[in-house]
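Reviewing the structure listed below.
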Amino acid sequence: ISCGKTTLIKYLSNKFYQEGLRGAYLDTDLGQQIMMVPCLISIGEIEKPIVSSVDLEPEEFRFIGATYPKGTLKFVLSQFSKELVEDFQEEHKNLDFILIDTDGWVKNEAGVIYKKFFIKKIDPDVLIVFYDKEIEEYDEIIDKAKEKKGRKIYLIKEKNEYYYEKTKEERRFLRQSRFSKVLEEFRKITIPLDDIEFIKQDYDKEADEIVEKKITVEDLIELPYHYVIIALLDENSDLINIGLLFSVNIEKNYILMFSDLNYKKQIRVKKILLGSLRLSTKGNHQGYLYL
């Protein structure tokens with residue numbers, strides 16, 4: 001965490017761009033997104049040198065609904081990342097490279113399972129590791145990565161003398177700032193409850209695919225769902241926009257939310273994908289929704 005992953009990816013992006021190579025930037029760090037608001041992952045083409053987030057335009061993205069891939073979300077994020085890479089390669093022929101910015105979760109058994117699964121799904125040609133011999137989980141992840149013949153693995157063992165470790169509060173403030181910038185454009189809106197499905201994302205290991213599980217309105221209103229981040233989807237599960245869910249009124253048959261949908265977009269909403277992070281309208285952390 002905070003060891004320079006994004007800085008390195010931006011450096012490589014700029015060097016490859018200067019060499020005349022054509023590539024893309026895949027950002028899978030849920031908590032510190034460079035292109036999108038946290039809780040999503042995104043990919044965009046590198047069309048100029050990257051200094052800040054304004055130099056990258058996301059072309060595709062996926063909603064995860066959390067700031068780190070806890071539980072089954074580690075499988076969902078990995079599968080979505082694979083899909084973003086494959087879709088981008090299909091739409092952009094003759095790419096020379098795709099650089100992937102990841103999160104720093106490697107510790108404990110869950111972190112090892114996550115990183116091994118992520119590497120398996122993405123199947124990178126090159127792996128760059130900020131290596132620390134005191135973190136024993138690294139060796140298990142690296143040994144698994146070495147199983148693919150021809151994969152290059154670079155271990156950066158030198159300590160960065162300019163290293164600055166952000167505190168948990170500093171990282172949270174940065175996330176809140178990103179949320180706040182997006183949410184300031186939102187407003188309260190209501191849409192009819194009729195024919196709207198509430199769903200959550202899960203990963204089916206046997207089928208090796210992401211599945212949607214329906215959450216009944218009756219079950220939802222028994223939970224502390226207020227102010228949870230949501231993705232508003234059409235009938236094909238394509239993302240229309242994100243928002244915050246305020247309340248569901250069964251008696252009056254409406255949903256109150258915080259978003260910026262115009263009327264044409266509102267009538268396209270057929271599914272509401274529930275995240276787990278709860279926020280204020282200013283982007284401040286309010287807790288979690290556990291489904």
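Bear in mind that the values here come from a model prediction, so they are computed numbers and not experimental data.
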Apply side-chain hydrogen bond (donor to acceptor under 3.5 Å, both in side chains) to E60 and S42, showing your working.
-> CA-CA 6 Å; E60 283 195 68; S42 55; over 6 Å; no
Are L84 and T28 close enough, and set up right, to give a side-chain contact (heavy atoms from CB on, under 4.5 Å), and what steps lead you there?
-> CA-CA 10 Å; L84 285 175; T28 68; over 6 Å; no
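- Around CD of E235, the count of heavy atoms belonging to other residues, nucleotides or ligands within 6.0 Å does not exceed 12.
- Distance CD/E212 to CD/Q201: 7.0 Å, rounded to 0.5 Å.
- Counting only N and O atoms by type, the side chains of Q286 and H226 include no donor and acceptor under 3.5 Å apart.
- Both L273 and I229 are members of a single hydrophobic cluster when ILVMFWY side chains are connected at heavy-atom separations under 4.5 Å.
- The minimum heavy-atom distance linking Q79 with D208 is given by the pair OE1-OD1, 4.1 Å.
- Put simply, the side chain of H92 reaches to within 4.5 Å of the side chain of E59, judged on heavy atoms.
- Linking Ile, Leu, Val, Met, Phe, Trp and Tyr whenever their side-chain heavy atoms come within less than 4.5 Å leaves L12 and I153 in two separate clusters.
- For the pair R62 and F80, the distance from NZ or CZ to the six-membered ring centre is under 6.0 Å and the angle to the ring normal is within 45 degrees.
- Side-chain contact between L277 and Y288: present, with at least one pair of heavy atoms (C-beta onward) separated by less than 4.5 Å.
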Step-by-step side-chain contact (heavy atoms from CB on, under 4.5 Å) determination, I189 to M257 | CA-CA 6 Å; I189 60 174; M257 66 179 66; 3.5 Å; yes
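- Under the 4.5 Å side-chain criterion, counting only non-hydrogen atoms from C-beta, L232 is not in contact with I242.
- No option in I267, L261, V269 other than L261 meets the side-chain contact (heavy atoms from CB on, under 4.5 Å) test with K265.
- Atom NZ of K181 sits in a sparse spot, with 12 or fewer heavy atoms from other residues, nucleotides or ligands closer than 6.0 Å.
- A chain of hydrophobic side-chain contacts below 4.5 Å, direct or via other Ile, Leu, Val, Met, Phe, Trp or Tyr residues, connects V76 to L26.
- With hydrogens and angles disregarded, no donor-acceptor distance shorter than 3.5 Å links the side chain of S180 to the backbone of Q176.
- Of the possible polar contacts, none joining the Y225 side chain to the R278 backbone as a donor-acceptor pair under 3.5 Å is found.
- No side-chain heavy atom of V126 sits under 4.5 Å from any side-chain heavy atom of R151.
- One hydrophobic cluster holds both I128 and Y11 under the rule that ILVMFWY side chains link at heavy-atom gaps under 4.5 Å.
- Although no hydrogens or angles enter the test, the distance criterion places no donor-acceptor pair under 3.5 Å between the side chain of R22 and the main chain of N94.
- The aromatic ring centres of F117 and Y203 sit less than 6.0 Å apart.
- The CE atom of M36 lies 13.0 Å from the CD1 atom of I43; values are rounded to the nearest 0.5 Å.
- Here the straight-line distance linking atom NZ of K120 with atom OG of S78 works out to 10.5 Å at 0.5 Å rounding.
- Under the 3.5 Å distance criterion, with hydrogens and angles disregarded, no donor-acceptor pair is assigned to the side chains of T6 and Q32.
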Would you check, one step at a time, whether the test salt bridge (charged side-chain N to carboxylate O under 4.0 Å, His left out) holds for K133 with E136?
-> CA-CA 7 Å; K133 64 181 180 180; E136 58 185 22; over 6 Å; no
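- Under the 4.5 Å side-chain criterion, counting only non-hydrogen atoms from C-beta, V129 is not in contact with I141.
- For the 3.5 Å distance criterion, the side chains of D29 and Y68 fail to qualify, holding no donor opposite an acceptor.
- Around CG of D123, the count of heavy atoms belonging to other residues, nucleotides or ligands within 6.0 Å exceeds 12.
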Please step through side-chain contact (heavy atoms from CB on, under 4.5 Å) for the pair R175 and T67, ending with a clear verdict.
-> CA-CA 9 Å; R175 287 196 297 270; T67 53; 3.7 Å; yes
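- Remark: the backbone N or O of D238 is paired with a side-chain donor or acceptor of D234 at under 3.5 angstrom.
- In this structure, CZ on F198 lies 10.5 Å from CD1 on I215, to the nearest 0.5 angstrom.
- Within a 6.0 Å radius of CD in E209, other residues, nucleotides and ligands contribute more than 12 heavy atoms.
- For the residue pair S13 and I46, the shortest heavy atom distance occurs at OG-CD1, 3.5 Å.
- Side-chain atoms of N14 come within 3.5 Å of backbone N or O of I50 as a donor-acceptor pair.
- Taking each heavy atom of P192 and I255 in turn, the nearest pair found is O-CD1, 4.3 Å.
- Nearest heavy-atom pair across I34 and R178 is O-NH2, 3.3 Å.
- No side-chain heavy atom of L233 sits under 4.5 Å from any side-chain heavy atom of K270.
- In this model, no donor atom of one side chain and acceptor atom of the other lie less than 3.5 Å apart for Y138 and D132.
- Taken together through direct or relayed side-chain contacts under 4.5 Å among Ile, Leu, Val, Met, Phe, Trp and Tyr, L245 and L193 form part of one hydrophobic cluster.
- In this structure, CD1 on I100 lies 5.5 Å from CZ on F118, to the nearest 0.5 angstrom.
- Put simply, the side chain of L30 reaches to within 4.5 Å of the side chain of L77, judged on heavy atoms.
- Annotation: the span from K5 atom NZ to I156 atom CD1 amounts to 11.5 Å, rounded to 0.5 Å.
- A distance-only check finds a donor-acceptor pair linking the side chain of D55 to the backbone of S52 [under 3.5 Å].
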Derivation and outcome, salt bridge (charged side-chain N to carboxylate O under 4.0 Å, His left out), residues E169 and R172 = CA-CA 5 Å; E169 289 71 27; R172 177 172 288 184; over 6 Å; no
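- Using the six-membered ring where Trp is involved, F97 and F16 have ring planes that are perpendicular, over 60° apart on the 30 and 60° scheme.
- Side-chain contact annotation: S81 with K121, donor-acceptor N/O pair under 3.5 Å absent.
- Closest of all the heavy-atom pairs between G275 and V228 is O-CG2, 3.4 Å.
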Could you walk me through whether L279 and L244 pass side-chain contact (heavy atoms from CB on, under 4.5 Å), step by step?
-> CA-CA 8 Å; L279 299 168; L244 300 179; 4.2 Å; yes
Check against side-chain hydrogen bond (donor to acceptor under 3.5 Å, both in side chains), D139 and Y131 | CA-CA 9 Å; D139 293 329; Y131 185 76; 2.8 Å; yes
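- Residues F179 and K282 are not in side-chain contact: their nearest non-hydrogen atoms beyond the backbone lie 4.5 Å or more apart.
- Checked by atom type and distance alone, the side chain of K148 never pairs as donor or acceptor with a backbone atom of A145 at under 3.5 Å.
- The two atoms that bring S280 and Y227 nearest to each other are CA-CD2, 4.3 Å, heavy atoms only.
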Contacts under 3.5 angstrom, residues 108-116 side chains, donor-acceptor by atom type, not counting sequence neighbours:
from: N108; atom 1: OD1; to: A110; atom 2: N; distance (Å): 3.1
from: N108; atom 1: OD1; to: G111; atom 2: N; distance (Å): 2.9
from: Y114; atom 1: OH; to: D103; atom 2: OD2; distance (Å): 2.5
from: K115; atom 1: NZ; to: D103; atom 2: O; distance (Å): 3.4
from: K115; atom 1: NZ; to: D103; atom 2: OD1; distance (Å): 2.8
from: K115; atom 1: NZ; to: W105; atom 2: O; distance (Å): 3.0
from: K116; atom 1: NZ; to: E140; atom 2: OE2; distance (Å): 3.2

